[in-house]
Amino acid sequence: MSGFRMTTLSTLSLCSFVIMWAIAAGSIGRPDLVPSPLQVVEALKGMLSSGEIVKATITSLGRVVVGYLLGGVAGVVTGIILGRITIIRESFSIIFDVAKGIPPIALVPVVIMWFGIGEMSKWLVIAYVVWVVVTISTLVGAKEVPLIRLRTAEIIGLGPLERLYRVVLPSVVPYALIGLRNAVGFAFVALVSAELIGANSGLGQIIMDSRFALQTDRMVVGIFVLGGVGAICQILFELMERLILARRFQTG
Amino acid sequence: MRVLYAGLGVAIVIAVWQLMANAIAFDMLFPPPRVVGASAYDMIVSGSMTDDVGASLWRLLLALLIGVPAGILIGVAIGWWPIANAIVQPFIRMFNAIPAIALVPFSLLWLGVTEQSRIALLVYTITLTVLISTRAGVRNVSRIKLRAGECLGVRGPQALFKIVLPSCIPAIIIGIRTAIGLGVMVVVAAEMLGAESGVGYRLMQARSQFDTAALMASIIGLGLLALLLDRAFEFAVETLLPRYSTKRRIK
Amino acid sequence: MLAKLWTNFGISNVSKSFGNYPILDRIDLEFNRGSFICVLGPSGSGKSTLLDLIAGFERPTSGAIRLGLEEIRSAGPDRVVVFQDVSNALFPWLTVRENVEFGISRLPRAERQQRVARVLEMVNLANHTNKFPSELSGGMKQRVQIARGLAMEPDMLLMDEPFGALDAITRKKLQTDLKSLWEETGKTIFFVTHDIEEALLLATEIVVLSTGPGARVKEWIRRDQIPQDPATVEYVAMKTRLERALDIDEDH
Ligand SMILES: Nc1ncnc2c1ncn2[C@@H]1O[C@H](COP(=O)(O)OP(=O)(O)OP(=O)(O)O)[C@@H](O)[C@H]1O
Ligand SMILES: [Mg+2]
């Protein structure tokens, strides 16, 4: 089947879903529980014109960016150290195995106790998750720098520092990228976690507040915008990957 | 030797933690390892740990029992039939972009603070994760395998069971493993935002009592629990499905 | 599987194009049952495409391929393909024995076991029946594939550069093994290769395709024309003739 027909089918399926949703909403007649597509669009319009949704998006996005950058840089550095120095790796990899399993949302209460309800708490929760994810995948790359490359560096007579950034770092890039790509999704999970519990702004708060106010239309808007922003970040990351790095840093 | 190193690592972390606690000197806010350990001990002895972990694990297990078969079924179907895929694809994209945790308030709104609401959300997360991985597995079955099957008289639905399904078992396994990890995250979130039992509920209790030691003990416990589940699953796969093990390599 | 009753294998005026792009142009050949047919041709000329047509994986755009009077319309167990990409062709979750049994699972147990034992004996793998493909060398894997084909007791074996990825010594060994296997069983073998000496050693019929697009039969050397002894002038002359035929520059 051709790509065109597939796209048509996908579009049709989306359209029929929206129609079915509208019919269902109409026949249930509980806009507080099942708002119609039109009501959701209305809610979106209202939230756009009041500037509320834009503000929340910017706030949330800002948190993700700061936390992601902090965690990403820390993760690459930690990963390289753990990957290259056997004793440190053997000693601490178990710690990271445990850390990987901690749900970000579980950290929120304690982080709020320590750092208050401000931005710092959100940054830290996001950064923590990104840090763990990036560390683990960078570690694998740093550990498995091909021996031939290290030998080559030795033969050419590179010093330890030069060896690090001319051989080890480039070899680690594809692995770090895998971690960084996965971390985009995890950063959003952490963001929502932090915003659902004790936030006074952001998309998560819109979602949570609409629950108590029984404003499902606003909740749906919040969820869709959150998903949209996450998807866009994901796509941007992949675009960046393909444009800048694809040819020079292939895995395998 | 490895155990020794790991012990060293844990010892260092505990030492640093102790030093920090000494410097902060505010046990209520930043309890030293000993206090957290005592808190964990209390939870174990009083049986509340067993109850909480049991409640959370029960939810996770139940959801896995429903979500894994559902995910495999749908994943194989849409991986195999392009038309089914075209119909479902936009929804998978959409829901995959939305963190499951963001749907917790939604499920609470629709289904209330009930067991169904938590299980439903978990089933959703697990199905979606397994489905995506399975679909990729089905699509990556090499054409040569299917052609070899044709030559050997295996085609159509028979090929689905004898070639496609076994070929994508490794992908399904990865999907389930990811789903377990995500499942732990979602069950805790669902319990924190509305439940009367489970580890997430315990976390919220500790928070309202400003019991930092219990919070920290629960967090570490959750990390250990997730790790244990992951290793147990890996072990189960290695023993039950040695044929699909990725560890066997050419000698 | 009852052997179909046919005595000659005809490719009559077969053309194949993918979209508007012609691959094969009016290929017209006829062989006796029991022939060992080797097909040579420059890379991309359409050898694999021709093999896919005979296997029934693809249908000709015009013309027909017949076994006796019956036209080939789909793949079937009377024509087993031995693929070049052996790591994908075998089923990694099945042992050597189970791979060989794959196509004959409906036979009664005793007959099945007997057949498996016989074909594994033929390819010298009787001592490796319980290994998994990942535990075999490249040559061994290829022999499993041949055994799996033979177990079907097909009329014809279709082999697409089966030894292409092997080292010279293993290849030599498998060539002689295949030759004695052919002498033993009298199967019709359709064998695609890049290697002129391989063709001269094995074939009773050699076909050379011209450079595509729209490849045609450039040479068709019959049974009595193929010299057997490499130490003769005729052999060297034939080799030179084939080399010329394969030389892409000659076409322009
Ligand atoms: N499914 C397809 N769709 C479009 N073009 C194809 C397809 N399969 C093969 N071709 C084209 O047909 C031509 C012949 O391919 P084929 O694989 O038969 O060559 P070959 O002689 O086997 O080459 P090689 O010696 O490299 O294996 C090539 O130009 C290839 O690009
Ligand atoms: Mg080819």
Side-chain angles (χ1 to χ4, degrees), chain A residues 1 5-14 17 32-34 87-95 97-110 112-114 185 188-189 191-193 196-197 203-204 207-208 210-212 214 216 219-220 222-224 226-231 234, chain B residues 1-2 5-10 12-13 29-30 82-83 85-91 93-106 108-110 181-182 184-189 192-193 199-200 203-204 206-207 210 212 215-216 218-220 222-230:
Chain A
M1 188 161 329
R5 275 164 67 187
M6 286 295 160
T7 319
T8 318
L9 205 54
S10 294
T11 318
L12 273 176
S13 135
L14 259 183
F17 170 75
D32 53 332
L33 280 184
V34 189
I87 300 182
I88 300 189
R89 179 175 62 247
E90 296 272 311
S91 307
F92 290 98
S93 60
I94 177 79
I95 307 278
D97 284 343
V98 175
K100 187 177 66 174
I102 298 174
I105 199 165
L107 294 171
V108 178
V110 83
I112 289 177
M113 265 186 210
W114 288 344
F188 276 88
V189 172
L191 169 83
V192 183
S193 303
L196 286 184
I197 298 186
L203 291 167
I207 297 172
M208 203 60 194
S210 356
R211 178 204 163 190
F212 294 114
L214 279 183
T216 316
M219 184 188 279
V220 172
I223 290 173
F224 273 136
L226 180 79
V229 174
Q234 201 76 255
Chain B
M1 204 59 198
R2 301 195 71 133
Y5 276 125
L8 180 74
V10 174
I12 291 174
V13 169
L29 190 64
F30 192 83
I83 295 181
N85 186 59
I87 293 172
V88 184
Q89 167 75 2
F91 302 104
R93 282 241 181 97
M94 187 165 81
F95 287 115
N96 197 31
I98 299 169
I101 292 179
L103 298 177
V104 174
F106 204 73
L108 290 173
L109 203 129
W110 268 15
L182 280 176
V184 172
M185 291 193 182
V186 172
V187 78
V188 172
M192 284 175 80
L193 293 170
V199 183
L203 275 163
M204 285 317 250
R207 167 181 134 125
F210 293 100
T212 326
L215 277 178
M216 291 173 75
S218 303
I219 288 171
I220 297 170
L222 271 173
L224 286 171
L225 180 68
L227 179 63
L228 199 75
L229 286 177
D230 189 59

Undergrad: Given side chains that start at C-beta, do those of B:Leu193 and A:Ile197 come closer than 4.5 Å, heavy atoms only?
TA: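 SC-SC contact between B:Leu193 and A:Ile197 confirmed.
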Undergrad: Please state whether the side chain, the backbone, both or neither of B:Leu215 comes within less than 4.5 Å of a heavy atom of chain A.
TA: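 Just the side chain, heavy atoms under 4.5 Å.
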Undergrad: Nearest 0.5 Å, please: how far is OG in A:Ser13 from CD1 in B:Ile83?
TA: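 Nearest 0.5 Å value for the CD1-OG distance: 12.5 Å.
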Undergrad: Mind ranking A:Pro103, A:Ser91, A:Gly101 by heavy-atom pairs under 4.5 Å with chain B and telling me who comes out on top?
TA: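 The residue among A:Pro103, A:Ser91, A:Gly101 with the greatest pair count is A:Ser91.
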Undergrad: So how far is it from B:Leu109 CG to A:Thr216 OG1, rounded to the nearest 0.5 Å?
TA: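 Between B:Leu109 CG and A:Thr216 OG1, I get 4.5 Å after rounding to 0.5 Å.
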Undergrad: Can you say whether B:Leu228 sits under 4.5 Å from chain A via the side chain, the backbone, both, or neither, judging by heavy atoms?
TA: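 Neither part, no heavy atoms under 4.5 Å.
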Undergrad: Which heavy atom in B:Ile219 sits nearest to a heavy atom in A:Ala106, and how many Å separate them?
TA: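 Residues B:Ile219 and A:Ala106, closest heavy atoms: CD1-O, 3.5 Å.
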Undergrad: Counting C-beta onward and ignoring hydrogens, is there a side-chain heavy-atom pair between A:Ser210 and B:Pro105 closer than 4.5 Å?
TA: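 No; the side chains remain at least 4.5 Å from each other.
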Undergrad: Using 0.5 Å steps for rounding, measure from the CE atom of B:Met192 to the CG atom of A:Leu196.
TA: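 Rounded to the nearest 0.5 Å, the CE-CG separation comes to 10.0 Å.
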Undergrad: Side chain to side chain contact (heavy atoms under 4.5 Å, CB included) between B:Phe106 and A:Ile207: does it pass, once the steps are laid out?
TA: CA-CA 8 Å; B:Phe106 204 73; A:Ile207 297 172; over 6 Å; no
Undergrad: Find the distance between CD1 (A:Ile105) and CG (B:Leu222) and round it off to the nearest 0.5 Å.
TA: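 Between atom CD1 of A:Ile105 and atom CG of B:Leu222 there are 11.5 Å.
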Undergrad: Just jot down the ring-ring contact (aromatic ring centres under 6.0 Å, His included) partners of B:Phe210, sequence neighbours excluded, or say none.
TA: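 If we apply the ring-ring contact (aromatic ring centres under 6.0 Å, His included) test to B:Phe210, skipping adjacent residues, there are no hits.
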Undergrad: Which residue out of A:Val108, A:Leu14, A:Val229, A:Ile88 racks up the most heavy-atom pairs below 4.5 Å with chain B?
TA: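 Option with the greatest count: A:Leu14.
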Undergrad: In Å and rounded to the nearest 0.5 Å, what is the CG to CZ distance from B:Leu108 to A:Phe212?
TA: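 If I round to the nearest 0.5 Å, the distance is 8.0 Å.
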Undergrad: Looking only at heavy atoms, which two atoms of A:Val192 and B:Pro99 are closest? And how far apart?
TA: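 Distance-wise, the nearest heavy atoms are CG2-CG, 3.9 Å.
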Undergrad: With under 30° as parallel and over 60° as perpendicular, where do the rings of A:Trp114 and B:Phe30 fit, or are they tilted in between?
TA: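 Answer is tilted, since the angle falls between 30° and 60°.
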Undergrad: B:Gly200, B:Ala100, B:Ala189, B:Pro90: which one forms the most heavy-atom pairs within less than 4.5 Å of chain A?
TA: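 Among B:Gly200, B:Ala100, B:Ala189, B:Pro90, the one with the most close pairs to chain A is B:Pro90.
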Undergrad: Heavy-atom pairs under 4.5 Å with chain A - which of B:Val13, B:Leu203, B:Ile87, B:Leu8 has more of them than the others?
TA: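 Most heavy-atom pairs under 4.5 Å with chain A: B:Ile87.
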Undergrad: For residues A:Ser93 and B:Tyr5, determine if any side-chain heavy atom of one lies less than 4.5 Å from a side-chain heavy atom of the other.
TA: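 Side-chain contact under 4.5 Å: no.
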Undergrad: Which one, B:Ala86, B:Ser218, B:Ala226, leads in non-hydrogen pairs under 4.5 Å with chain A?
TA: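 Most pairs with chain A among the choices: B:Ala86.
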Undergrad: Mind listing the closest non-hydrogen atom pair of B:Gly223 and A:Ile102 along with its distance?
TA: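 Taking every non-hydrogen atom into account, CA-CG1, 3.6 Å.
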Undergrad: For A:Leu107, is it the side chain, the backbone, both, or neither that has a heavy atom closer than 4.5 Å to a heavy atom of chain B?
TA: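 Backbone plus side chain of A:Leu107, per the 4.5 Å heavy-atom cut-off to chain B.
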Undergrad: Taking all non-hydrogen atoms of both residues, which atom of A:Lys100 and which atom of B:Met185 are closest, and how far apart?
TA: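 The pair with the smallest heavy-atom distance is O-CE, 4.4 Å.
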Undergrad: First locate atom CG of B:Leu224, then atom CG of A:Asp97, and finally report the distance between them rounded to the nearest 0.5 Å.
TA: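 Here the rounded value is 10.5 Å.
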Undergrad: Which bit of A:Met113 comes within less than 4.5 Å of chain B, counting heavy atoms only: side chain, backbone, both or neither?
TA: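 For A:Met113, backbone and side chain are both near chain B.
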Undergrad: Between A:Ala99 and chain B, with a heavy-atom cut-off of 4.5 Å, which part of the residue counts as in contact: side chain, backbone, both or neither?
TA: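 Neither the backbone nor the side chain of A:Ala99 comes within 4.5 Å of chain B.
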Undergrad: Decide yes or no for A:Phe188 and B:Ile98: does some side-chain heavy atom of the first lie under 4.5 Å from some side-chain heavy atom of the second?
TA: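 When only atoms from C-beta onward are counted, B:Ile98 and A:Phe188 do not touch, as no gap falls below 4.5 Å.
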Undergrad: Could you work out, with ring-ring contact (aromatic ring centres under 6.0 Å, His included) as the rule, every residue matching A:Phe224, not counting sequence neighbours?
TA: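 In terms of ring-ring contact (aromatic ring centres under 6.0 Å, His included), with neighbours along the sequence ignored, A:Phe224 is linked to no residue.
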Undergrad: Most heavy-atom pairs under 4.5 angstrom with chain B, which of A:Leu214, A:Ile94, A:Leu191, A:Ile223?
TA: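 Option with the top pair count is A:Ile223.
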Undergrad: At a heavy-atom separation under 4.5 Å, does A:Val220 approach chain B through its side chain, its backbone, both, or neither?
TA: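 Interface part for A:Val220: side chain.
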